[in-house]
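By convention in this document, chain letters (A, B, ...) are assigned in the order of the sequence lines, proteins followed by strands, and residues within each chain are numbered from 1. Fair warning: this is a prediction, and the values are worked out from it, not measured in the lab. Only heavy atoms go into these numbers, but all of them, side chains included; no hydrogens, no water, no symmetry mates.
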There are 2 protein chains.
Amino acid sequence: MSRKATLKDVARRAGVSYQTVSKVLRDQMRVSPEVRERITAAVAELGYRPNVVARNLRAKTSHLIGYSWQPDRQGYFNPILEEFEQSIVCAAEEFGYHILLFPQGEGAEQAETYRDLVITGRVDGFILSGIEYHDPRIPILQRLQVPLVAFGRTESDPPSAYVDVDGGIGVQQAVEHLVAQGHRRIAALAWPEYSRVGNERLAGYFQAMAAAGLPVDPAWIVRGESDYNYGYMAMQQFLALPPAQRPTAVVTMLDLIAIGAMRAIEERGMTVGRDIAVIGFDDTPVARYLKPALTSISQPAWEVGQHVVRLLVSQLSGETTGCQQILLPSKLVIRESSLGYQPAEQERAHV
Amino acid sequence: MSRKATLKDVARRAGVSYQTVSKVLRDQMRVSPEVRERITAAVAELGYRPNVVARNLRAKTSHLIGYSWQPDRQGYFNPILEEFEQSIVCAAEEFGYHILLFPQGEGAEQAETYRDLVITGRVDGFILSGIEYHDPRIPILQRLQVPLVAFGRTESDPPSAYVDVDGGIGVQQAVEHLVAQGHRRIAALAWPEYSRVGNERLAGYFQAMAAAGLPVDPAWIVRGESDYNYGYMAMQQFLALPPAQRPTAVVTMLDLIAIGAMRAIEERGMTVGRDIAVIGFDDTPVARYLKPALTSISQPAWEVGQHVVRLLVSQLSGETTGCQQILLPSKLVIRESSLGYQPAEQERAHV
DNA sequence: ACACCACAGGCGAACGTTCGCCTGGATTCA
DNA sequence: TGAATCCAGGCGAACGTTCGCCTGTGGTGT
């Protein structure tokens, strides 16, 4: 095995032309059982495996899928994307594809990167995550006419394929759950207005509040970035409100934000759950081990990955099958941080 | 741009042979300024980029690096590997390589996967993580004569390249820190004996205890897997020991284990830090946000990735440069969970 | 004026496949 | 028995590069 065996080596050993070997191995040709036997024997003896580079050159394909992902800010963790990545790798393998990772660059340089990967024939298609409004990657790739599937709703024209999690449903469930626990003043720690994902989730909040016939005080909606401090500061802001206006429950966009909020509550000498309920998002692995255990909204990241790959492979094999846009529900996971609510004195008087 | 431009297209436009274009673009040939100008103009107009598949076929290379990684058990999170992965992707790109992900299979099937990736010419080399004693992947790849660099110490013969974090140093620092805080009975929540990484870290513990002249009670060493429950149960076990034998500080192998231990302490009505100090490992992003904030040992995962890629690329370019084994130090990050120790009455009497 | 050399640039071949068409011998049918 | 049919298998070409060698021209030294 000093040199890798090629079709010609196998052919010489089997006493046929190398093209015949190629065809037989791919079941493209009927041959006598005897010849077939000689060929398979030669393949086994030489340990022959087709050279994918040569194959790809001929077929103008690479059987590689590019996965564009943005390196996380230091210290920010995203278990959802981690699970998603594992999912697409496993799914791709089943279809005979592999995942090529590349970091997402900035602006024009980024466009060049995509163009390069496509034009140089490195990848056959793309998977994108972290889709935001007017994501610049979509038009770039559409102009290159390369198949793509996004994890996240896209609003391009023509429409492009995507799979997304309906975060609104989870938030809606969360609000309903809080209402059932007796909460009436429910706040939301949202993301900035430019965040598509954040707005979709927030919509679930408004919908559920309206459905429950509860008013929404503008002071209950605070927007900020994905970090602990935002949750901490925003909760302090809530706690500074007069008791009658102060929310008794908070829905957040991220577990880390929820953790910040929980800390602010505790530092005020209050108890999370009993005094103020807190709900996170993503159901980070540690959520269940926090004290109190954090109620959170979990995303079916694995399923998303499976669907994404399935859609992309169907595009790559030329099938223009119907619906290329899939929405999966998120799901509320109830734990201690949203249980045990005991309204304060004046509250109970009101009810 | 309906069809991708090739060397021949550029050559036709520039009025030279396509081989000349190839050589000029790679600076392998001196040409008249005039011809060079015509060629670069043609390249720009056609948006030509060399087809990497064809190039790789000719050069018998793929410029792809395989990264073998084991899908995590559900709910287990490993921010270290996440950071490591991002690091190798970025570093590889700088050298003109890309990272190909593939899930690690089991046993014989696994060997077949590696063989396939190499023999079919898909990847030029491998990066491995999660190295354990007698890792089966090393001999497989060595037999295939394919360059590899591991994240984790290997003890193969002939030796193979690796980069690893010296976890022992961090544990040593942790113990020294605990001793400085006044602790004398320090326990260790270790990993099973088959864990190479665990044993290396535990060695740091023994070394530091010996250096401080402190005896180690066998009851203080407990072994278990990487989960919350192990930390929780083991700590309960410690708490059941008679006060004079009970450890006042615990060093663990993972933040999640430390979290379990903290919970057991709190449930017993004791205070982490003041009564019993707890130290984690990996410095997970949430560690600083726990209550109390968790002292932990951080690994320079990003640097490890940079070194791994550098070593691999040097192997791939045929350089047999000297030292191919690098050990980077881990570092103790002190937070509340190991501060504020106040020995109980009888302890102070002893001192 | 002749041999020599440097150098710009061309040309054929090779990398390992896959694809489409061709060939020649055996089989079938009238 | 002759022509039409079938089928196993061969052959040349192509995918887009890179590599090594060859050629022709212009300049230089004697």
Side-chain angles (χ1 to χ4, degrees), chain A residues 1 3-40 42-43 46-64 96 116-124, chain B residues 1 3-40 42-43 46-64 96 116-124:
Chain A
M1 204 183 301
R3 211 180 99 259
K4 291 170 193 164
T6 72
L7 273 184
K8 294 190 183 177
D9 298 325
V10 175
R12 205 171 308 127
R13 194 172 189 107
V16 292
S17 78
Y18 68 93
Q19 295 95 331
T20 300
V21 176
S22 169
K23 287 172 187 165
V24 168
L25 290 182
R26 286 173 301 124
D27 269 327
Q28 297 261 340
M29 191 185 206
R30 295 179 49 84
V31 289
S32 67
E34 172 199 9
V35 169
R36 161 164 263 119
E37 175 54 36
R38 285 215 308 275
I39 291 178
T40 53
V43 164
L46 295 172
Y48 169 79
R49 307 259 40 216
N51 178 317
V52 289
V53 176
R55 172 177 285 180
N56 291 342
L57 172 61
R58 183 65 231 229
K60 286 175 186 277
T61 185
S62 66
H63 274 251
L64 250 39
D116 240 57
L117 284 166
V118 176
I119 300 224
T120 62
R122 245 197 210 293
V123 305
D124 291 347
Chain B
M1 205 182 302
R3 211 181 98 259
K4 289 172 195 165
T6 72
L7 272 185
K8 295 191 182 176
D9 297 325
V10 176
R12 205 172 308 124
R13 194 172 190 109
V16 292
S17 79
Y18 68 92
Q19 295 96 331
T20 300
V21 175
S22 169
K23 287 173 188 168
V24 169
L25 290 181
R26 286 174 301 125
D27 269 328
Q28 297 261 341
M29 189 184 206
R30 294 179 50 84
V31 289
S32 67
E34 173 200 9
V35 169
R36 161 164 263 119
E37 175 55 35
R38 285 214 310 274
I39 291 178
T40 53
V43 165
L46 295 173
Y48 169 79
R49 306 258 43 214
N51 179 318
V52 289
V53 177
R55 172 176 286 181
N56 291 342
L57 172 61
R58 183 64 231 231
K60 288 175 184 274
T61 184
S62 67
H63 275 250
L64 250 39
D116 239 58
L117 284 167
V118 176
I119 300 222
T120 61
R122 247 195 211 292
V123 305
D124 292 346

4.5 Å side-chain heavy-atom contact, A:Val21 and A:Tyr48 | no

All N/O contacts under 3.5 Å from nucleotides 4-9 of chain D to the protein, with atom names and distances to one decimal?
{"residue": "D:dA8", "atom": "OP1", "partner": "A:Arg30", "partner atom": "NE", "Å": "3.2"}
{"residue": "D:dA8", "atom": "OP2", "partner": "A:Arg30", "partner atom": "O", "Å": "3.1"}
{"residue": "D:dA8", "atom": "O5'", "partner": "A:Arg30", "partner atom": "O", "Å": "3.1"}
{"residue": "D:dG9", "atom": "OP1", "partner": "A:Ser32", "partner atom": "OG", "Å": "3.4"}
{"residue": "D:dG9", "atom": "OP2", "partner": "A:Ser32", "partner atom": "N", "Å": "2.9"}

Could you give the distance from CE (A:Met29) to CZ (A:Arg36), rounded to the nearest 0.5 Å?
-> 10.5 Å

Any idea which heavy atoms bring A:Ala54 and B:Leu57 closest together, and the distance?
-> CB-CD1, 3.7 Å

Divergence of helical axes at both termini of the helix from C:dA1-D:dT30 to C:dA30-D:dT1 - five pairs an end, 10° steps | 50°

Here the distance between atom P of C:dT17 and atom CZ of B:Arg122, to the nearest Å, is 14 Å

Roughly how far, to the nearest 0.5 Å, is the CZ atom of A:Arg30 from the NZ atom of A:Lys23?
-> 15.0 Å

Using distance alone, with no hydrogens and no angle criterion, decide if B:Ser22 and B:Arg26 have a side-chain donor and acceptor under 3.5 Å apart.
-> yes

Pairwise 5' ranking along DNA chain C for A:Ala54 and B:Glu34, keeping only the more 5' one = B:Glu34

More than 12 heavy atoms from other groups under 6.0 Å of CD on B:Glu34 = no

Distance check: side-chain N/O of A:Tyr48 vs OP1/OP2 of C:dT17, anything under 4.0 Å?
-> yes

For D:dG16, does either OP1 or OP2 sit under 4.0 Å from a side-chain N or O belonging to B:Arg58?
-> no

Exam field: side chain B:Lys4 to backbone B:Arg49, donor-acceptor pair closer than 3.5 Å | no

Could you give the CG-to-P distance, from A:Asn56 to C:dT17, as a whole number of Å?
-> 12 Å

From NZ of B:Lys60 across to P of D:dT17 the rounded distance in Å is 19 Å

Heavy-atom nearest nucleotide on DNA chain D taken for B:Gln28 and for B:Leu57; more 5' hit belongs to B:Leu57

Indicate, yes or no, whether a donor-acceptor pair under 3.5 Å links the base of D:dT17 to the side chain of B:Arg55.
-> no

Min side-chain heavy-atom separation A:Leu46-A:Arg13 under 4.5 Å | yes

Rounded to the nearest angstrom, tell me the gap between atom CG in B:Leu7 and atom P in D:dA14.
-> 17 Å

Whole angstrom is fine here: how far is it from CD in A:Gln19 over to C1' in C:dG20?
-> 11 Å

Whole-Å distance between D:dC15 P and A:His63 NE2?
-> 19 Å

In whole angstrom, give the distance that lies between atom CZ of A:Arg26 and atom P of C:dG16.
-> 17 Å

For B:Glu37 and C:dG9, what is the distance between atoms CD and C1' respectively, to the nearest whole Å?
-> 18 Å

Taking side chain as C-beta onward, heavy atoms only, is A:Thr120 less than 4.5 Å from B:Asn51?
-> no

